[in-house]
Undergrad: 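I have a structure here, written as structure tokens, and I will follow up with some questions on it.
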Amino acid sequence: MPDEHRIARTYTELGRAMRSIRITEADPSGAVRITVDAQGKLLDVVTTGLLARLPPERVGEVVLDCVRRAQARIPGEVSALAKRIMGGDDAEHIATTLRGWFPDSPG
């Protein structure tokens with residue numbers, strides 16, 4: 001099989017596998033839990049009664065902090081998946097690209 005076909009099949013397999021990635025983060029108080037996919041898209045927001053204890057002006061900040069922390073985990077999750085499917089160099093290139101899109105969460 002020509003190398004291009006192998007590469008295309010490998011990337012197709014990685015794309016399929018990435019669709020199953022779900023990353024969930026919660027704020028320390030337990031008031032908010034969010035889930036994102038491998039592209040950083042917000043899939044779910046769950047709040048609890050503890051949300052009422054937060055000052056209203058902090059709610060958005062808490063949600064965004066959870067989203068950013070979840071997104072900061074995307075490069076590692078995708079890199080681990082890519083290493084299993086593709087091997088080292090390609091996986092590291094993908095992880096480096098994703099770190100540019102989803103940098104480490106502050107704090």
Side-chain angles (χ1 to χ4, degrees):
M1 175 184 306
D3 201 39
E4 313 73 66
H5 289 95
R6 182 190 59 76
I7 292 169
R9 278 193 15 210
T10 301
Y11 273 90
T12 299
E13 183 180 348
L14 177 62
R16 281 192 200 115
M18 284 176 58
R19 285 193 286 275
S20 68
I21 290 177
R22 300 291 181 266
I23 300 170
T24 300
E25 282 287 339
D27 82 292
S29 76
V32 177
R33 185 178 72 238
I34 64 89
T35 302
V36 298
D37 66 10
Q39 287 77 40
K41 179 180 162 190
L42 185 60
L43 300 175
D44 194 26
V45 177
V46 176
T47 60
T48 69
L50 297 171
L51 187 67
R53 294 182 182 173
L54 290 176
E57 61 274 5
R58 289 229 37 245
V59 172
E61 176 186 329
V62 169
V63 170
L64 285 176
D65 179 61
C66 288
V67 170
R68 288 181 185 121
R69 284 189 288 115
Q71 288 175 336
R73 291 177 43 204
I74 292 170
E77 296 281 331
V78 172
S79 177
L81 184 64
K83 283 178 185 169
R84 285 195 306 272
I85 293 172
M86 308 173 85
D89 290 343
D90 289 335
E92 186 52 40
H93 174 71
I94 290 168
T96 298
T97 300
L98 288 171
R99 280 191 291 272
W101 295 346
F102 305 111
D104 286 342
S105 175

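Any value given below was found using the heavy atoms of this structure, including those in side chains, with hydrogens, waters and symmetry copies removed.
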Undergrad: Considering non-hydrogen atoms only, spot the tightest contact between I23 and A70 and give its length.
TA: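 That would be CG2-O, 3.7 Å.
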
Undergrad: In Å and rounded to the nearest 0.5 Å, what is the CD to OG1 distance from E92 to T97?
TA: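 Nearest 0.5 Å value for the CD-OG1 distance: 9.5 Å.
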
Undergrad: Has the side chain of Q71 got a donor or acceptor atom that lies under 3.5 Å from a matching backbone atom of G40?
TA: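 Yes, because the side chain of Q71 sits within donor-acceptor range (under 3.5 Å) of the backbone of G40.
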
Undergrad: Of all heavy-atom pairs between V36 and L43, which one has the smallest distance, and what is that distance?
TA: C-CD1, 3.9 Å

Undergrad: Could you tell me if the side chain of M86 sits less than 4.5 Å from the side chain of Y11, heavy atoms only?
TA: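 Y11 vs M86: side chains touch.
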
Undergrad: L14 and I85: which non-hydrogen atoms are nearest, and at how many Å?
TA: CA-CD1, 3.9 Å

Undergrad: Under the side-chain hydrogen bond (donor to acceptor under 3.5 Å, both in side chains) rule, what pairs show up with a residue in residues 13-35, not counting sequence neighbours?
TA: T24-T35, E25-R69, E25-R73, D27-S29

Undergrad: Kindly work out whether a path of hydrophobic side-chain contacts (I/L/V/M/F/W/Y, heavy atoms less than 4.5 Å apart) joins L50 to L64.
TA: no

Undergrad: Over all heavy atoms of both residues, which pair between P75 and A95 is shortest? Give the atoms and the distance, please.
TA: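 Reported closest heavy-atom pair: CB-O, 4.0 Å.
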
Undergrad: Would you mind checking if R6 and D3 are paired as a salt bridge, meaning a charged N to carboxylate O distance below 4.0 Å?
TA: yes

Undergrad: Same cluster or not: are V67 and V45 linked, directly or through other Ile, Leu, Val, Met, Phe, Trp or Tyr residues, by side-chain heavy atoms under 4.5 angstrom apart?
TA: yes

Undergrad: Please determine, by modelled atom types, if T12 and R9 share a side-chain donor-acceptor pair under 3.5 angstrom.
TA: no

Undergrad: Determine whether E61 and R68 satisfy the following criterion, salt bridge (charged side-chain N to carboxylate O under 4.0 Å, His left out), listing intermediate values before the conclusion.
TA: CA-CA 10 Å; E61 176 186 329; R68 288 181 185 121; over 6 Å; no

Undergrad: Can you name the nearest heavy-atom pair linking I74 to Q39, along with the distance?
TA: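 Shortest heavy-atom contact: CD1-C, 4.4 Å.
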
Undergrad: Are L42 and I21 joined in one hydrophobic group, where the rule is that I, L, V, M, F, W and Y side chains link up if heavy atoms are under 4.5 Å apart?
TA: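 Yes, because L42 and I21 connect within a single hydrophobic cluster, where side-chain heavy atoms sit under 4.5 Å apart.
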
